[in-house]
Chemist: 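First the structure, which I've put down as structure tokens, then a few questions once you've had a look.
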Amino acid sequence: MQLTRLEIKGFKSFGDKITINLNQGVTAIEGPKAFGKSNEVYSIRWVLGEQSTRMLRSEKMDNVIFNGSKSRKPANLAEVSLTFDNTKNILPTDFSQVTLTRRLYRTGESEYRLNDVQCRLKDITDLFLDTGIGADSYSIIELRMIDEIITNKEGSRRNLFEEASGISKYKLRKKQTFSKLKDTEADLERVEDLLFEIEKNLKTLENQAKKTERYYRIKEQYKALSIMLASFRIASFSESLGKIEEREQLHKVEKSGIVTQIDQLEAFLQQQKLDSLTKEKNLSTQQKATNEFVSKIRAYESEKKIKNEQLRFQQDKETRLTEELERDKAQLNHVLYNIKRLAEEKAQEDENLQTVQLKVADLKAAVDELRLRQTESRNELNELTGVNTRLQNQVYKTEKDLDILQIQQQALEQESQRNMEDTSTKEVELSHFNEVVAGLQDRVETAESEFQLIVEFETKLQEEITLTDSELHTVQESIIRESRKLDAKQNEYNLTKSMVDNLEGFPESIRFLKKNTEWAKNAPLFSDILFCREEYRVAIENYLEPLMNHYVVDTYNEAIRAINLLSSAAQGRAQFFVLNSYEHQSPPANIDVNGAIPALNVVEVDKHYQPLCDHLLKNVYLIDDGNEQALNAAELSAGVVLIGKSGKFNKSKYTMAGGSVGLFEGRF
């Protein structure tokens with residue numbers, strides 16, 4: 001696994017977006033001081049999940065966003081992306097290229113994205129746990145970390161060795177396990193406290209239960225007595241009602257006489273109102289005429305004032321324009337004089353410019369000639385310097401050889417003298433030695449034959465050892481590869497199992513119903529009952545993607561019960577397939593397309609859910625992506641859908657849809 005690209009935008013000193021391509025063989029970044037090397041290291045650690053502002057040399061996390069300069073505005077967010085080459089499958093994922101992105105907004109919002117899909121920091125930590133890459137790892141080292149390793153500050157050297165040997169991940173898991181055990185012990189203590197409190201309150205609850213029973217008993221007695229009291233009151237109310245009705249009859253007779261008097265008075269009042277209206281109309285007519293005359297007089301006066309103001313304004317304007325005209329005439333004469341003077345100066349400056357240009361051309365020619373001479377002289381000097389250096393080297397080498405020869409001559413003279421002294425002794429020993437040599441010669445011949453046999457045997461053994469070593473090396477490499485694949489698969493399984501157990505990516509309503517004990521837990525999601533062959537999985541999932549999160553229930557009552565639970569808890573909405581509604585299905589439509597495969601032939605489902613799948617896929621067919629001729633020639637009936645085997649497109653009688661397949665699509 002190799003880091004291939006680093007993209008930084010709005011992080012610390014990087015206001016503009018920069019991209020650093022780390023090609024094969026690049027292991028370090030160097031440059032002058034204050035060039036941004038440390039900020040590049042901080043950006044890598046930050047995107048890998050660094051949460052300590054002290055490690056990023058900032059007082060708070062918002063300070064990592066580009067704060068602007070004199071000529072630039074501050075950035076609204078900081079964004080860093082790392083791209084890794086995963087062709088060796090070191091990371092537990094099927095993608096050959098993995099891009100990790102972190103964004104921080106000035107509003108305080110932060111997000112992590114893995115291949116442009118939003119995820120959690122825990123997912124990234126689990127993904128890189130066994131790779132030696134992390135926010136506090138030594139796979140990315142800055143200058144100050146080298147000093148810490150040398151001085152062994154805070155056990156830095158030990159941490160480096162533990163990370164290189166793969167111990168750090170187990171220590172992290174140990175720490176997480178101890179943390180979980182501590183939380184579990186705290187929960188147990190809390191449960192014991194709750195049990196103690198519940199036992200202490202049991203007697204109080206028993207007394208309250210007895211009081212409640214006594215309350216209900218007294219309430220029944222009160223109800224019976226209230227009914228008796230109400231019957232007695234109804235009897236007295238009936239007697240009072242008879243008396244009131246008699247009085248009502250007397251009041252009605254009196255009311256009729258009073259109504260007659262009121263009618264007479266109202267007739268007289270109406271006559272008075274008519275007379276008053278006639279007088280008011282005459283008065284309003286006269287008042288209207290008076291108001292019209294007054295308004296005309298006021299209009300004439302206001303018009304007179306306006307005319308006087310307009311006349312005064314025109315007189316002032318005439319005076320002002322006369323003064324401006326005189327000033328403009330004087331200014332025009334001055335401008336004409338300046339134009340004439342500047343034209344004369346321009347002619348003089350043009351002459352000076354031509355003279356200067358001629359001088360500059362002569363000087364340029366002279367400079368070029370001097371530069372040529374300088375270049376020739378410099379070349380000659382370099383040649384002479386090289387010759388001098390070679391001669392000095394030859395002289396030094398000659399002197400050194402001469403000293404060596406003198407030392408060898410002295411050693412040979414001493415050796416010759418010693419040889420002359422030993423010659424007499426050696427002649428005596430030589431005769432004895434010849435006798436011994438004759439005896440040893442026979443032994444040597446025997447030993448040589450045995451040695452030859454041993455050499456041949458050793459050669460064969462060496463070849464066998466070499467062959468065994470190569471096979472052992474091959475087996476070890478395969479074991480390492482398989483171990484890495486096993487670890488990657490195990491991490492991927494753990495991550496997937498965690499996401500499945502926590503229902504990551506599902507709506508809040510789905511997770512609520514799955515965890516709710518008041519609703520049937522055996523009601524599956526549609527994605528849990530459908531199984532498909534691997535080569536058609538992407539196509540089937542893309543077609544059924546809007547329906548994958550639907551619950552499958554037997555009756556409407558189960559769906560209504562779940563909807564009531566969601567509504568009362570305000571946990572959103574959920575969709576349901578009711579199996580009772582799919583008992584009778586129409587036969588599939590006939591289609592004439594070369595190579596078309598019914599979608600029902602590539603999926604597997606339990607018999608209990610077969611009517612539902614027949615309804616959803618009865619008119620769906622799969623064809624090859626390259627079969628464009630058959631796709632264009634197909635005459636589709638209403639409701640029939642053609643899907644490409646790769647999932648890139650689907651076609652019906654009136655519509656067609658398609659495009660790229662998502663990075664994480666193709667998995668149920």
Side-chain angles (χ1 to χ4, degrees), residues 1-86 91 95 97-125 127-128 131-149 156 663:
M1 182 179 68
Q2 180 184 0
L3 176 62
T4 59
R5 188 167 67 251
L6 170 63
E7 297 180 0
I8 307 174
K9 179 182 178 183
F11 183 85
K12 281 185 170 286
S13 60
F14 299 102
D16 296 325
K17 181 178 180 181
I18 66 166
T19 301
I20 302 175
N21 294 314
L22 303 173
N23 299 324
Q24 186 71 29
V26 177
T27 59
I29 299 176
E30 64 175 357
K33 188 175 182 181
F35 191 67
K37 303 185 298 299
S38 298
N39 287 341
E40 292 174 2
V41 175
Y42 296 150
S43 67
I44 296 175
R45 295 189 179 279
W46 182 72
V47 73
L48 289 172
E50 181 62 63
Q51 302 297 322
S52 174
T53 55
R54 183 179 65 84
M55 297 299 295
L56 300 175
R57 293 186 181 179
S58 298
E59 295 180 359
K60 55 183 181 178
M61 191 60 72
D62 293 344
N63 291 346
V64 303
I65 303 176
F66 178 66
N67 204 24
S69 61
K70 293 182 179 179
S71 60
R72 298 195 57 181
K73 294 181 179 179
N76 292 325
L77 78 159
E79 179 179 354
V80 179
S81 297
L82 295 179
T83 301
F84 294 92
D85 182 8
N86 192 34
L91 292 177
F95 301 99
Q97 192 175 42
V98 177
T99 300
L100 175 62
T101 304
R102 182 178 181 182
R103 294 173 183 164
L104 176 64
Y105 300 89
R106 285 204 179 273
T107 57
E109 298 176 356
S110 177
E111 65 175 352
Y112 293 88
R113 303 187 75 85
L114 188 62
N115 280 3
D116 206 23
V117 176
Q118 192 168 1
C119 63
R120 305 172 303 172
L121 176 58
K122 186 177 184 300
D123 299 332
I124 296 173
T125 305
L127 184 65
F128 288 93
T131 59
I133 296 176
D136 56 350
S137 67
Y138 285 85
S139 58
I140 303 169
I141 299 181
E142 58 177 315
L143 185 60
R144 64 181 179 82
M145 293 178 65
I146 298 175
D147 298 334
E148 293 179 358
I149 293 171
S156 301
L663 292 176

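Below, all heavy atoms of this structure are taken into account, side chains as well, without hydrogens, waters or symmetry copies. Computed from a prediction, not measured in an experiment: that's the story for all the values here.
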Chemist: To check you understand the geometry: which heavy-atom pair defines the closest contact between Gly10 and Ala75, and what is its length?
Modeler: CA-CB, 4.3 Å
Chemist: Holding to side-chain contact (heavy atoms from CB on, under 4.5 Å), I want the full list of residues that pass it with Arg106, two or more places apart in sequence or in another chain.
Modeler: Ile65, Asn67, Pro74
Chemist: Would you check if the side chain of Arg102 reaches a backbone N or O of Trp46 as a donor-acceptor pair within less than 3.5 Å?
Modeler: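 Checking the backbone N and O of Trp46 against the side chain of Arg102, a donor-acceptor pair under 3.5 Å is found.
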Chemist: Rounded to the nearest 0.5 Å, how far apart are CD of Glu7 and CG of Asn21?
Modeler: 8.5 Å
Chemist: To the closest 0.5 Å, what do you measure between CD1 (Ile124) and CG (Leu100)?
Modeler: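 It is 4.5 Å, given to the nearest 0.5 Å.
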Chemist: I'd like to know if the side chain of Asn115 reaches the main chain of Thr99, judged simply by a donor and an acceptor atom lying under 3.5 Å from each other, with no hydrogens or angles considered.
Modeler: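 Yes.
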Chemist: Leu6 and side chain to side chain contact (heavy atoms under 4.5 Å, CB included): which single residue from Val47, Val80, Ile18 fits?
Modeler: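 So the option named by the test is Val80.
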Chemist: Go through the steps for Val64 and Leu104 under the test side-chain contact (heavy atoms from CB on, under 4.5 Å), then give the verdict.
Modeler: CA-CA 9 Å; Val64 303; Leu104 176 64; 3.8 Å; yes
Chemist: Using only atom types and a distance under 3.5 Å, with no angle test, would you say the side chain of Thr4 pairs donor to acceptor with the backbone of Thr83?
Modeler: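 Yes: the side chain of Thr4 pairs with the backbone of Thr83.
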Chemist: So, Asn86 side chain and Val98 main chain: donor-acceptor pair closer than 3.5 Å or not?
Modeler: no
Chemist: What's the spacing between Leu22 CG and Phe84 CZ if we round to 0.5 Å?
Modeler: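 Separation between the atoms: 10.0 Å.
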Chemist: What distance do Phe14 atom CZ and Ile20 atom CD1 have between them, rounded to the nearest 0.5 Å?
Modeler: 6.0 Å
Chemist: What are the two closest heavy atoms between Thr101 and Glu79, and how far apart are they?
Modeler: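 Of all heavy-atom pairs spanning Thr101 and Glu79, the closest is CG2-OE2, 3.8 Å.
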Chemist: Could you measure the distance from the CD atom of Glu40 to the CZ atom of Phe11? Nearest 0.5 Å is fine.
Modeler: 10.5 Å
Chemist: If you round to the nearest 0.5 Å, how far is CD of Glu111 from CG of Leu77?
Modeler: 9.0 Å
Chemist: Counting only heavy atoms not in Lys9, do more than 12 fall under 6.0 Å of its NZ?
Modeler: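 Atom NZ in Lys9 is not crowded, with 12 or fewer foreign heavy atoms closer than 6.0 Å.
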